[in-house]
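Report on the structure given below.
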Amino acid sequence: MSLDRIEIFTIDSGSHFMIKEFLEHMNEEKSSFRYFDKRNLSVLKNHVETVILKVNKSFAGYGHLDKEGDIVWLGIVVLKEFQGMGFGAKIMNELIKKAIALNLSFIKLSVDTKNLVARALYVKKGFRLIKETKEICYYSLYFN
């Protein structure tokens, strides 16, 4: 696969169609990224930041910082055919930069306990495990 053009777009109300198109191309990723299972796109208004990663002409990944009360949750997903190419890290870097620019004290995320690849990425990016259950792990990243 040629990776000639890699772009990250910030999503606003005029570009929700990008999210819709990305979600239509999700397959097995839906089993581990369940964010939109019980939410429609109106949830985007609560987001601090929403991004989509495009490789050439294909939407390849999605990420958000979602404000829920006093907590900002990070969520990312990369389509299977684009995994293992560093795109998850690229999306995370973008969202972490935004969190720092907003002077957030910390961000959190949750991940399936069995998703060892994602968990390794989170630790590599500085997240610390704060709680682990049989099914879900919770991580935090604190900023100075």
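Keep in mind the model is a prediction, meaning the values are calculated, not measured.
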*asked:* Test of understanding: clusters of I, L, V, M, F, W, Y form through side-chain heavy atoms closer than 4.5 Å, transitively. Do Ile71 and Ile96 belong to the same one?
replied: no

*asked:* Rounded at 0.5 Å granularity, tell me how far OG1 in Thr10 sits from CE in Met18.
replied: 10.0 Å

_Between Lys67 and Gly69 (side chain of the first, backbone of the second, donor and acceptor by atom type, cut-off under 3.5 Å), is there such a pair?_
yes

*If only atom types and distance count, is the side chain of Asn93 paired as donor or acceptor with the main-chain N or O of Ala89 below 3.5 Å?*
yes

*With a cut-off of 6.0 Å (strictly less than), are more than 12 heavy atoms of other residues, nucleotides or ligands near NE2 of His16?*
yes

*Atom pair CD/NE2 of Glu81 and His25 - distance to nearest 0.5 Å*: 8.5 Å

*Any chance you could lay out the side chain to side chain contact (heavy atoms under 4.5 Å, CB included) test for Trp73 and Glu68, step after step, and finish with the verdict?*
CA-CA 7 Å; Trp73 293 90; Glu68 186 178 276; 3.6 Å; yes

*Is it true that Ile91 and Ile19 fall in one hydrophobic cluster, defined by side-chain heavy atoms closer than 4.5 Å?*
yes

*Evaluate the side chain to side chain contact (heavy atoms under 4.5 Å, CB included) criterion for residues Leu41 and Leu23: first the C-alpha distance (whole Å), next the side-chain angles of each, then the deciding distance (0.1 Å), finally the verdict.*
CA-CA 11 Å; Leu41 290 182; Leu23 293 173; 4.2 Å; yes

*Can Glu29 and Lys80 be counted as an ion pair, charged N to O under 4.0 angstrom?*
no

*Can you name the nearest heavy-atom pair linking Ala118 to Val111, along with the distance?*
CB-CG2, 4.0 Å

*If you measure only the distance, is there a donor-acceptor pair under 3.5 Å linking the side chains of Ser42 and Asn40?*
yes

*How many angstroms lie between atom NZ of Lys124 and atom OH of Tyr122, to the nearest 0.5 angstrom?*
14.0 Å

*Would you say Phe143 and Val48 are hydrophobically clustered, going by side-chain heavy atoms of ILVMFWY under 4.5 Å?*
yes

*Asp112 bridged to Lys134 by N-O distance under 4.0 Å*: no

*Does NZ in Lys131 sit with more than 12 non-hydrogen atoms of other residues, nucleotides or ligands closer than 6.0 Å?*
no

*Are Leu104 and Leu109 in one and the same hydrophobic cluster, where Ile, Leu, Val, Met, Phe, Trp and Tyr link if side-chain heavy atoms are under 4.5 Å apart?*
yes

*Charged N-O contact under 4.0 Å between Glu28 and Lys30*: no

*What is the distance from atom CZ of Phe33 to atom CG of Leu79, rounded to the nearest 0.5 Å?*
11.0 Å

*Could you state whether Phe17 and Phe22 fall into the same hydrophobic cluster, counting links through intermediate Ile, Leu, Val, Met, Phe, Trp or Tyr residues with side-chain heavy atoms under 4.5 angstrom apart?*
yes

Compile the donor-acceptor pairs under 3.5 Å between side chains in residues 135-142 and protein atoms, sequence neighbours left out, one pair per line.
from   : atom 1 : to     : atom 2 : distance (Å)
Tyr139 : OH     : Arg119 : NE     : 2.9
Tyr139 : OH     : Arg119 : NH2    : 3.4

*For the atom pair CD (Glu49) and CD1 (Ile11), what is the distance rounded to the nearest 0.5 Å?*
9.5 Å

_Determine whether a donor-acceptor pair (N or O, by modelled atom type, separation under 3.5 Å) exists between the side chain of Asn56 and the backbone of Arg5._
yes

*List the steps, then state whether side chain to side chain contact (heavy atoms under 4.5 Å, CB included) holds for His64 with Leu95.*
CA-CA 7 Å; His64 66 247; Leu95 294 172; 5.7 Å; no

*Nearest 0.5 Å please: distance from the CD1 atom of Ile76 over to the CG atom of Leu121.*
5.5 Å

_Going by ring pair (Phe, Tyr, Trp, His ring centres under 6.0 Å), name the residues that satisfy it together with Phe36, two or more places apart in sequence or in a different chain._
Tyr62

*Might you confirm whether atom CZ of Arg39 has over 12 heavy atoms from other residues, nucleotides or ligands at distances under 6.0 Å?*
yes

*Determine, stepwise, if the pair Glu132 / Thr113 fulfils side chain to side chain contact (heavy atoms under 4.5 Å, CB included).*
CA-CA 7 Å; Glu132 182 173 352; Thr113 301; 3.5 Å; yes

